[in-house]
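See below for the structure under consideration.
Given the structure is predicted, the values throughout are model-derived calculations rather than measurements.
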Amino acid sequence: MKHSPTAKRRVVMLVDNSVDGDSRVQKAARSMAEAGWDVHLIGRAPGAVPDTYMLGRAHVYRLPLQAISPRRSLLDRAMRLRFPLACKSTPAAEILQREITLSKIEEVQRAHAPGTHGGGLLPRPVRDLTGKVRRRYLKERVRQTRVGVKWCKRHEQGRIQRLDTAVRKAVHGTRAWRRLDPTPLRYDITYAALIDELRPDLVHAHDYRMIGVGARAAARARARGERVPLLYDAHEFVPGLIDETAHRWLVSQVLHEREYLQCADAVVTVSEPLAELLVSEHGLAERPAVVLNTPPSPAAAPERTCTDVRDACGLRPEQPLAVYCGGASPQRGLHTLVGTLALLPELHVALLVNKPDSDYVTRLRRTAAEAGAADRLHVMGYVPYDELPEFLSTADVGVHPLIKGPINHEVALSTKFFEFMQARIPVVVSDVKAMSEAVKTTGIGEVFTAEDTGDLAAALKTVLSDPGPYREPYSRPELLDRYTWERQSEVYDEIYRRLLLMPARTSPSPSPTSI
């Protein structure tokens with residue numbers, strides 16, 4: 001039965017990741033629970049075992065993602081025609097390879113192990129011949145599988161796939177995503193039972209994969225005679241996620257969001273430019289609200305469980321230190337930052353990244369070593385989001401060397417940008433539109449030409465030679481007060497209340513001012 005109407009209103013949040021490392025989702029769940037909502041956050045388990053824990057006052061459930069039947073594309077069918085003996089999957093071919101090994105072991109044993117010839121109607125030479133024929137057949141199946149997989153990879157962005165995508169889109173419209181990339185249906189199968197068991201008053205779907213899961217949960221509630229509003233939290237501009245090298249996948253994500261966006265009772269997003277893009281792309285009647293992905297205020301931070309970044313690097317106060325925190329990938333432009341070590345012989349660089357041992361980070365270490373600066377590149381893992389600004393505060397400058405081009409890079413006001421601000425350190429960013437304009441407007445740093453190592457080195461040199469003017473804006477309380485999670489999360493509370501037809505709090509909070 002539905003929980004008591006006198007109880008706290010229940011919010012079920014949905015996310016397609018393991019919650020760990022997603023600071024926006026963690027902050028949203030924790031802050032809304034502290035604001036008096038009964039928050040239940042459902043995410044994906046990192047392994048095969050479900051688990052549950054408390055995030056502040058919010059309940060977190062992580063479930064293993066369930067499998068569904070794969071959807072065969074035109075390319076899959078073409079591969080089967082070209083390689084008719086190929087297995088359905090590479091793991092199936094690996095099993096056959098083990099069968100080949102076992103067959104050979106049996107033949108050797110029959111020939112050389114005394115007393116193990118066994119009985120049976122067939123003499124040993126016939127059995128050996130049969131085994132050889134079977135092994136040859138299995139080897140051919142394994143070979144065709146391996147060659148077929150390589151053939152598919154060469155053609156997965158080619159004309160066959162594009163034709164298949166275009167035909168499915170023409171025939172099925174927005175519903176074509178089910179044939180192109182049915183991954184959202186896997187989350188539906190995984191999350192649906194728990195969502196229905198929780199009987200939410202409101203569903204808060206984080207990011208594009210969850211909008212369909214949330215919409216179908218709201219539809220099931222209506223079938224029970226219950227009204228459950230859906231809030232869609234758009235973290236990205238989906239058409240700008242990646243380039244045409246993943247055409248089929250991208251078309252699927254765009255169609256999926258387009259089908260279900262009309263089901264959302266309200267939309268919230270992460271920046272003003274992204275709100276404009278959503279209105280333009282989907283013809284929204286109401287402009288999405290904006291909740292910037294800012295860190296908690298320093299006053300709300302817990303007692304630190306770690307030291308600070310300068311101590312972590314073993315540096316003296318006079319040694320210049322530039323920091324970056326976030327994901328490590330070529331799109332983030334970290335190679336540009338590491339390249340400055342060869343141009344600024346005193347500079348140290350600290351990278352706080354999600355995968356310190358990834359191939360990309362390994363290449364960055366190699367770049368530093370080739371410049372004779374291996375001891376000046378410091379790589380470490382993430383620090384808890386609510387401790388990060390204070391951890392970063394002993395650095396001299398925060399750098400975000402994002403590359404230009406992708407739409408989401410141009411409209412981003414990323415978490416790390418605000419974390420640098422709350423750390424009260426100067427900021428150097430590439431000339432992506434939203435962040436470069438914010439830096440120029442606030443006067444907290446410098447802008448350089450994306451992927452231009454020399455220009456980044458010059459910007460860093462300018463800031464490090466006279467950091468005072470870039471730190472001065474932080475002395476104005478109104479600048480940082482606007483960009484705390486406490487201020488931003490009030491927007492969520494207002495939207496929840498509006499969707500649930502509840503009166504506003506007695507002291508309504510002002511909408512955050514955009515940069």
Item to check | salt bridge (charged side-chain N to carboxylate O under 4.0 Å, His left out) pairs, two or more places apart, involving residues 17-26 | outcome: Asp20-Arg62, Arg24-Asp233
For a 4.5 angstrom cut-off between non-hydrogen side-chain atoms, does [X] reach [Y]?
X: Val323; Y: Val399; result: no
X: His59; Y: Val39; result: no
X: Leu377; Y: Val338; result: yes
X: Thr442; Y: Pro473; result: no
X: Leu413; Y: Val270; result: no
X: Pro406; Y: His409; result: yes
X: Arg168; Y: Val251; result: no
X: Thr394; Y: Asp311; result: no

Do the side chains of [X] and [Y] get close enough for a salt bridge, i.e. N-O under 4.0 angstrom?
X: Glu410; Y: Lys404; result: yes
X: Arg248; Y: Asp164; result: yes
X: Asp38; Y: Arg10; result: yes
X: Arg363; Y: Asp359; result: no
X: Glu446; Y: Lys440; result: no
X: Glu437; Y: Lys433; result: yes
X: Arg199; Y: Glu226; result: yes

Is it the case that the side chains of [Y] and [X] hold a donor-acceptor pair, with the cut-off being a distance below 3.5 Å and no angle test?
X: Glu257; Y: His282; result: yes
X: His235; Y: Tyr208; result: no
X: Asp493; Y: Trp37; result: yes
X: Trp177; Y: Glu259; result: yes
X: Trp485; Y: Ser31; result: yes
X: Asp431; Y: Ser436; result: no

Checklist entry - Stepwise, does the side-chain contact (heavy atoms from CB on, under 4.5 Å) test hold for Leu480 with Thr484? => result CA-CA 7 Å; Leu480 294 181; Thr484 62; 5.7 Å; no
Would you tabulate the side-chain donor-acceptor contacts of residues 283-293 under 3.5 Å, counting partners in other chains and residues two or more places apart, or write 'none'?
unit_1	atom_1	unit_2	atom_2	d
Arg287	NH2	Glu272	O	3.4
Arg287	NH2	Glu272	OE1	2.8
Asn293	OD1	Lys27	NZ	3.0
Asn293	ND2	Thr415	OG1	2.6

Interatomic distance, [X] atom [atom1] to [Y] atom [atom2] [nearest 0.5 angstrom]:
X: Arg376; Y: Gln319; atom1: CZ; atom2: CD; answer: 10.5 Å
X: Asp201; Y: Leu499; atom1: CG; atom2: CG; answer: 11.5 Å
X: Leu14; Y: His204; atom1: CG; atom2: NE2; answer: 9.0 Å
X: Ile444; Y: Leu479; atom1: CD1; atom2: CG; answer: 7.0 Å
X: Thr307; Y: Phe391; atom1: OG1; atom2: CZ; answer: 7.0 Å
X: Glu236; Y: Ile407; atom1: CD; atom2: CD1; answer: 11.5 Å

Mind listing the closest non-hydrogen atom pair of [X] and [Y] along with its distance?
X: Ala434; Y: Ala412; value: CB-O, 3.5 Å
X: Ala58; Y: Ala29; value: CB-O, 3.6 Å
X: Phe417; Y: Ala438; value: CZ-CB, 3.7 Å
X: Arg227; Y: Pro229; value: NH1-CG, 3.5 Å
X: Ile403; Y: Pro330; value: CG2-O, 3.8 Å
X: Met380; Y: Cys313; value: CE-SG, 3.8 Å

Next on the checklist: With side chain to side chain donor-acceptor pair (under 3.5 Å) as the test, pick out the partner of Tyr360 among Lys355, Arg365, His335.
Outcome noted: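 When Lys355, Arg365, His335 are each tested with Tyr360, the side chain to side chain donor-acceptor pair (under 3.5 Å) holds only for His335.
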Parallel, tilted or perpendicular: which fits the ring planes of [X] and [Y], with parallel below 30° and perpendicular above 60°?
X: Phe418; Y: Tyr483; result: tilted
X: Tyr324; Y: His400; result: tilted
X: Tyr492; Y: His206; result: perpendicular

Next on the checklist: Under the criterion side-chain contact (heavy atoms from CB on, under 4.5 Å), I'd like the reasoning laid out for Val361 against Leu351: C-alpha separation, chi angles, the key distance, then a yes or no.
Outcome noted: CA-CA 9 Å; Val361 174; Leu351 305 179; 5.6 Å; no
I'd like to know if the side chain of [X] and the backbone of [Y] have a donor-acceptor N/O pair within less than 3.5 Å.
X: Asp455; Y: Phe448; result: no
X: Asp207; Y: Arg209; result: no
X: Tyr232; Y: Ala266; result: no
X: Gln253; Y: Trp249; result: yes
X: Thr449; Y: Asp452; result: no

Checklist entry - Please walk me through it: do Val12 and Tyr61 pass side-chain contact (heavy atoms from CB on, under 4.5 Å)? => result CA-CA 11 Å; Val12 170; Tyr61 312 83; over 6 Å; no
Checklist entry - Per the side-chain contact (heavy atoms from CB on, under 4.5 Å) rule, which among Cys325, Ser23, Pro295 passes with Lys416? => result Cys325
If you count every heavy atom of other residues, nucleotides or ligands that lies below 6.0 Å from [X] atom [atom1], does the total exceed 12?
X: Arg179; atom1: CZ; value: no
X: Ile68; atom1: CD1; value: yes
X: Arg57; atom1: CZ; value: no

Checklist entry - Got a sec, which residues hit salt bridge (charged side-chain N to carboxylate O under 4.0 Å, His left out) with Arg310, two or more places apart in sequence or on another chain? => result Asp396
Item to check | Audit row: Leu337, Val349, side-chain contact (heavy atoms from CB on, under 4.5 Å) steps and yes/no | outcome: CA-CA 8 Å; Leu337 174 57; Val349 170; 3.8 Å; yes
